[in-house]
Protein chains: 2
Amino acid sequence: MSRVIGRLAAPPTLADVAELAGVSRQTVSNAVNNPDLLREDTLARVQAAIEELGYQPNRAARSLRTRSSRLIGLRIPPVQEGTANALIDRFVHALVDTSADAGYHILLFPGEAGDPVAGYDELLRSTAVDAFIVTDTLQGDSVSSWLRSRRAPFVAFGRPWENPEGATHPWVDIDSAAGAALATEHLIEKGHTRIAWIGWRREHLVGEERRSGWSRAMHAHSLPTTGLASRVEDTIASGRAATAALLNEAAPTAFVCASDTLALGVLHELHARGLRPGEDIAVTGFDDSIAAQTVPPGLTSVRQPLEDAAAELVKALEGLQGPVGSPEGILLQPTLVARGSS
Amino acid sequence: MSRVIGRLAAPPTLADVAELAGVSRQTVSNAVNNPDLLREDTLARVQAAIEELGYQPNRAARSLRTRSSRLIGLRIPPVQEGTANALIDRFVHALVDTSADAGYHILLFPGEAGDPVAGYDELLRSTAVDAFIVTDTLQGDSVSSWLRSRRAPFVAFGRPWENPEGATHPWVDIDSAAGAALATEHLIEKGHTRIAWIGWRREHLVGEERRSGWSRAMHAHSLPTTGLASRVEDTIASGRAATAALLNEAAPTAFVCASDTLALGVLHELHARGLRPGEDIAVTGFDDSIAAQTVPPGLTSVRQPLEDAAAELVKALEGLQGPVGSPEGILLQPTLVARGSS
DNA sequence: CGAGCCTGTTGGATCGATCCAGACTTCGAT
DNA sequence: ATCGAAGTCTGGATCGATCCAACAGGCTCG
């Protein structure tokens, strides 16, 4: 029974189980995939044989026949130096856990800088994955439209900004305007009136979205916004520079930032000026990164519900296999984690 | 030529290419796998056909026949709250990049808390992966020995502590004693003489390893170590508590920590006491995490060469497929990244 | 000039699980 | 006693790439 090829004992096959249980291969296959087709005693006998041999279906064979690998492709974008943003990592954790519950595994592939589509293309042609989860919709939706043109099944974490209403694929996103508003309201509640915004460049649609949450909350309380906003690169250094400029020119008592990276830039400038975050100046970030959780005295930050997002994405993915309904978009609400910095 | 099944255009097969090029399937297969077996003009003709159809071998079929999936399994351990340690994430990035160069993809599976072996077992039985990379050798080597008993091919990131000399599998590790010594020497050079150690509990063999680097460097310069060491849990809270105790009782001017998490604990306590890191008290961490890179004024930390480690692991993995030599262990040297905290 | 060798190519078998069509059993209804 | 239908179970074909044994055609060499 235990054939040995090289160093590795060959796992038992369906035929082995069938022989042991005294039934045909098809019956074993049914026992695994359609148990209710079998008579009770036959099922029990087959299951005992499966148990005894420790049988599991060979993935390659099953995948060849069914044209489905139960694998989901996820592109890992290149690491960006000088940022605190490890959102993708938390997302990967959440996704691995939830997709395992649904019987999927996550296949990672590198995001080559040159051709963003290369990795997708290879996996698609070789039918290595059943679907993709696309996370980099920030950059403009070139990947989405390419996948669509290839008729590849995928769901996106992030709105299709080009065409928010009539999306042709399911997506899940976080209502980040609401998140920024949450942070702003929180500071207003603490008594701040001159609350500055540090965000991303105008090209970044998500950045503009978040900024609108800040300005909406400010206007709702009739607070001034003029001269209190700046738009910079998403790095600690530029966050720090923006903070210096705003402190000198607009005298804010609080900062709402579009990312933890920028908020850390604020903390750096405060540190350099001997100002105490949370006492002299309040700061909030976005993403609830590890850095936000650990930096003294703790950075108040908007937390994206990545676990929920992952669950919704996997659910949408399963919907893809079925009938072609109109693709759905889901917007999840973030929460605010208050810490020492506010 | 473009058969359409459901919504997905079926990719071309080897037979399609053969027909277009006017050769047999075997010849196409050779063009892909053993190009030097073909005459030059035939090869060119086949390659043109491959190009035209955008052919890539079906992974499931190839995998079924060759019994090799070109996938590497990696277990993602559950996230630990209250820690700054996202070493695994940086490692995943490095591994995805280097393994892609070698033609492998990374398959992630969740580390269920209950049975650490469950995920491995499933993938092994279903022949889903060619090999594993094991990262959690800290916990005692139960996974390694289980994999060994199942004759599963794997390499470890981390020494086999039970049996460092006569390892039965290849491993790659970082010389973390040298790393701690590096940090200690750095502080001695800056003029510090009372340098405290905050490390992990004695059961953690890696922790003891790092501690020995500190004490060795101290002894080499005839500096005192008595009363200057403490061993605690790897959390920010306990790092902070240890700092408070050491400051009160032993009056150190610098702290060497076994992890960035502990070092952040030190920063928290300094912050609470109004002491300035890098000016009043020096601090070093371990792992060069994102938190270390971003916390003001920057945390000096020992950086593990994860990119090199990933490359060595993939190299070792390829060695596994070949003849059974004596498994090799590789020890890499870390570097020190000096920042504002020292 | 034919044996022997190399190169390039061929059809058929194979990997392991699932799909398909058909056969056999059981059982209530006529 | 016969029939049909539902419920069980079976052998053969199939997914696509690779392995295998064998075979043309061109070449050298005795």
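Side chains are part of it too, since the values below use all heavy atoms of this structure and drop only hydrogens, waters and symmetry mates. All figures in this text were calculated on a predicted structure; none of them were measured in a lab. Below, chains carry the letters A, B, ... as their sequence lines are ordered, and counting in each starts from 1.
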Peer 1: Which pairs would a plain distance check flag for residues 40-53 of chain B, meaning a side-chain donor or acceptor within less than 3.5 Å of a matching protein atom at least two apart in sequence or in another chain?
Peer 2:
{"from": "Asp41(B)", "atom 1": "OD1", "to": "Arg39(B)", "atom 2": "NE", "distance (Å)": "3.2"}
{"from": "Arg45(B)", "atom 1": "NH1", "to": "Ala21(B)", "atom 2": "O", "distance (Å)": "2.7"}

Peer 1: For residues Ala310(B) and Thr98(B), report the shortest heavy-atom separation together with the two atoms involved.
Peer 2: CB-OG1, 3.5 Å
Peer 1: What closest approach, in Å, do Phe154(A) and Arg148(A) show between heavy atoms, and which atom pair accounts for it?
Peer 2: CE2-N, 4.0 Å
Peer 1: Are OP1 or OP2 of dA17(C) and a side-chain N or O of Asn33(A) less than 4.0 angstrom apart?
Peer 2: no
Peer 1: Starting at atom CZ of Arg65(A), determine the distance to atom C1' of dA17(D), rounded to an integer number of angstrom.
Peer 2: 16 Å
Peer 1: For Asn34(B) and dG8(C), what is the distance between atoms CG and P respectively, to the nearest whole Å?
Peer 2: 12 Å
Peer 1: To the nearest Å, give me how far apart CG (Leu14(A)) and C1' (dT18(C)) are.
Peer 2: 9 Å
Peer 1: Taking atom types as they are modelled, is there a donor-acceptor pair under 3.5 Å from the base of dT18(C) to the side chain of Arg62(A)?
Peer 2: no
Peer 1: Enter the inter-axis angle for the ends of the helix from dC1(C)-dG30(D) to dT30(C)-dA1(D) (five pairs per end, rounded to 10°).
Peer 2: 60°
Peer 1: Pull out every protein N or O sitting under 3.5 Å from an N or O of nucleotides 7-10 of chain D, one pair per line with the distance.
Peer 2:
{"from": "dC9(D)", "atom 1": "OP1", "to": "Arg39(A)", "atom 2": "NH2", "distance (Å)": "3.3"}
{"from": "dC9(D)", "atom 1": "OP1", "to": "Thr42(A)", "atom 2": "OG1", "distance (Å)": "2.5"}
{"from": "dC9(D)", "atom 1": "OP2", "to": "Arg39(A)", "atom 2": "N", "distance (Å)": "3.4"}
{"from": "dT10(D)", "atom 1": "OP2", "to": "Ser24(A)", "atom 2": "N", "distance (Å)": "2.9"}
{"from": "dT10(D)", "atom 1": "OP2", "to": "Ser24(A)", "atom 2": "OG", "distance (Å)": "3.1"}
{"from": "dT10(D)", "atom 1": "OP2", "to": "Thr27(A)", "atom 2": "OG1", "distance (Å)": "2.7"}

Peer 1: Taking OP1 and OP2 of dT18(C), is either one under 4.0 Å from a side-chain nitrogen or oxygen of Ser29(A)?
Peer 2: yes
Peer 1: Whole Å only: how far is the CG atom of Leu64(A) from the P atom of dA13(D)?
Peer 2: 18 Å
Peer 1: Rounded to whole Å, how long is the line connecting atom CZ of Arg125(A) with atom C1' of dA17(D)?
Peer 2: 18 Å
Peer 1: Is it true that Asp130(B) and Arg67(B) make a salt bridge, defined as a side-chain N closer than 4.0 Å to a carboxylate O?
Peer 2: no
Peer 1: Whole angstroms only, please: what is the CD-C1' distance between Glu19(B) and dT10(C)?
Peer 2: 16 Å
Peer 1: When the distance from CG of Asn58(B) to P of dT14(C) is rounded to whole Å, what number comes out?
Peer 2: 21 Å
Peer 1: If we count only N and O atoms by modelled type, under 3.5 Å, do the side chains of Asn33(B) and Arg62(B) hold a donor and an acceptor together?
Peer 2: yes
Peer 1: Using the six-membered ring wherever Trp is involved, compare the ring planes of Tyr120(B) and Trp146(B) and label them parallel, tilted or perpendicular (cut-offs 30° and 60°).
Peer 2: tilted
Peer 1: Just by distance, do the side chain of Arg159(A) and the backbone of Ile174(A) share a donor-acceptor pair under 3.5 Å?
Peer 2: yes
Peer 1: Given side chains that start at C-beta, do those of His93(B) and Glu307(B) come closer than 4.5 Å, heavy atoms only?
Peer 2: no
Peer 1: Are any of Arg59(B)'s side-chain N or O atoms less than 4.0 Å away from OP1 or OP2 of dA17(D)?
Peer 2: no
Peer 1: Ion pair present between Asp89(A) and Arg90(B), side-chain N to carboxylate O less than 4.0 angstrom?
Peer 2: no
Peer 1: So does Tyr55(A) get a side-chain nitrogen or oxygen closer than 4.0 Å to the phosphate oxygens (OP1/OP2) of dG16(C)?
Peer 2: no
